2 protein chains.
Amino acid sequence: MGVIETAIDTIKQMIVDGELRPGQKLPIEKELADQLGIARNTLREAVRALIAMRVLQTRQGDGTYVTSLSPALLLDGMSFVADIHQHAGAGEFLHVRRILEAEATALAAVRIPDEHLVVLGGLLEEAERLAAEPEIDHGKLVALDQDFHALITSHCGNAVLAAVIANMSGRTVRARIWRGMTDPQAVQRTLGEHRAVYLALLARDPDRARIHAAMHVLGVEESLTQASGRLGTTAPPLPS
Amino acid sequence: MGVIETAIDTIKQMIVDGELRPGQKLPIEKELADQLGIARNTLREAVRALIAMRVLQTRQGDGTYVTSLSPALLLDGMSFVADIHQHAGAGEFLHVRRILEAEATALAAVRIPDEHLVVLGGLLEEAERLAAEPEIDHGKLVALDQDFHALITSHCGNAVLAAVIANMSGRTVRARIWRGMTDPQAVQRTLGEHRAVYLALLARDPDRARIHAAMHVLGVEESLTQASGRLGTTAPPLPS
DNA sequence: CAATCCATATTCATCGGATCAATTGGAGTC
DNA sequence: GACTCCAATTGATCCGATGAATATGGATTG
């Protein structure tokens, strides 16, 4: 095994062993390099790898620190995975998100505090106000959409679950979905699904919440699969 | 933004834009550094970060290559997240795994080919043979357990789903679970759950498969939560 | 001609040192 | 006591050199 990989594992092990705790400052580069018996440049490459994993964080002129190591932070690096596969794999990511978000929304139905339900209602109203304007600001809609889902899933009682969901649809994909909604009716339908989830949460009904959440993500999935000419409100009658 | 982060983003963008394709070789360090207008050491730190993300891969004496970028590979880095939180967060990771594995097993019930069902049966029999011996080899049981679950979830028809599940219980956690099974009855119960899942797959029954898979992971969760004195077969009668 | 072996070139890995830039903390000032 | 300013600290970036692993192409061998 190379010197750098050894250094990475050594530092990781120091964290697992509790020798380095979250928020703690590491020795200065020169000192730590000497301690590990490697050159400063080599240590820096090891540190750079751990930065990419969100395990370490550096501040120029100050020092290198261990991050909070929270699951949400460590899993955050996944979001770029979804972005790289924006073309082919978007459907698969959304499928996972559908499974998890349905469950998380059900869990949140009996856990989210009343005051956060009020905030949720506020987000909904703001989104509906935005959608009613002649020139729709898709950027703001994306942000509100993200806040809406994040607020719900953050109250599922499982930080790992919330973090995985948050990263299952990368920012690029999410933005693309909303940008693709040139049809005002598609925007309205999406907001309607949001409201349905919101009402289920208000009713503290996990089953309703689960179904509406699944339906919402499924709608997004299907709007992606049927690349063009989605059915929507003007669907032809199905053969019976 | 720092020079290194800029370089990381530039290379990532080259991949997203298709300028760099999976398996392709990057220019040699000196050349790429000149092209980006940075020093070689600086480029190496950027490359090191992308290696940590499983986006790039270097071979000494040969060159630097773009990996396959498959979701399974890119999501692989998650497993270490589960390992860092082996004590506190294990329950939360297992909860996510339960949600996903139940669904994946249901999906696999109608997708896994007959010949792989045969392999699955073989894995089961081998595990049962191992468990019957006086001195149980926990290492082999862990490996068989991993193969059993991986073979099923790999046939759910969604590579992302399979990859996330695979990484939701880190190797450390999985090994610890089996090592904790000092009680032979616990091993028998676990293998019994595996057999129940296997029979549901044989019957091509998604609902049965889903329930048995969820039950299996839930059993593991509960055996962790109730750190000592788990109920099991000698449970006291419940109050009615 | 095909296969093998080997010298050499190529390329990443590692090292040591130097300079730049940002932050911090204390000296000095009002 | 609050503010300013400077010097020490520390990471960021650059440069050049050497070591180690691999690939390549030519020579050798059957």
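Small disclaimer: the values here were computed from a predicted structure and weren't measured. Values reported hereafter were calculated over all heavy atoms of this structure, with side chains retained and with hydrogens, waters and symmetry mates removed. Letters A, B, ... mirror the listed sequences (proteins, then strands); counts begin at 1.
- Looking only at atom types and distance, the side chain of Arg54(A) has no donor-acceptor partner in the side chain of Thr67(A) under 3.5 Å away.
- By the 4.5 Å heavy-atom criterion applied to side chains, Glu101(A) and Val197(A) are not counted as neighbours.
- In this structure, the separation between SG on Cys156(B) and CD on Glu92(A) is 8.0 Å, given to the nearest 0.5 Å.
- Side-chain contact between Asn167(A) and Asp76(A) is present, with at least one heavy-atom pair separated by less than 4.5 Å.
- Ring geometry for His149(A) versus His216(A): interplanar angle under 30°, hence parallel rather than tilted (30 to 60°).
- Ile4(A) has its side chain within reach of Ile8(A): a pair of non-hydrogen atoms, C-beta onward, lies under 4.5 Å apart.
- Residues Leu74(A) and Leu69(A) form a side-chain contact, since some pair of their non-hydrogen atoms from C-beta on lies under 4.5 Å apart.
- Not one N or O on the side chain of Arg97(A) forms a donor-acceptor pair closer than 3.5 Å with the backbone of Phe93(A).
- With a 4.5 Å cut-off on side-chain heavy atoms, Lys12(B) and Leu50(B) count as touching.
- Residues from residues 24-33 of chain A that place a heavy atom under 4.0 Å from any atom of DNA chain D, listed by number: Ile28(A), Glu29(A).
- In this entry the distance linking CD of Gln57(B) with P of dA21(D) reads 17 Å, nearest Å.
- Scanning residues 39-51 of chain A for heavy-atom distances under 4.0 Å to DNA chain D yields Arg40(A), Asn41(A), Arg44(A).
- Of the residues in residues 59-67 of chain A, those with a non-hydrogen atom less than 4.0 angstrom from any atom of DNA chain C are Gln60(A), Gly61(A).
- Although no hydrogens or angles enter the test, the distance criterion places no donor-acceptor pair under 3.5 Å between the side chain of Asp62(B) and the main chain of Thr58(B).
- In this model, the phosphate group of dT11(C) is not approached by any side-chain N or O of Thr58(B) to a distance below 4.0 Å at OP1 or OP2.
- Rounded to an integer number of Å, the gap from CD of Glu5(B) to P of dG11(D) is 15 Å.
- Straight-line distance from the CD1 atom of Ile38(A) to the C1' atom of dG17(C): 16 Å, rounded to whole Å.
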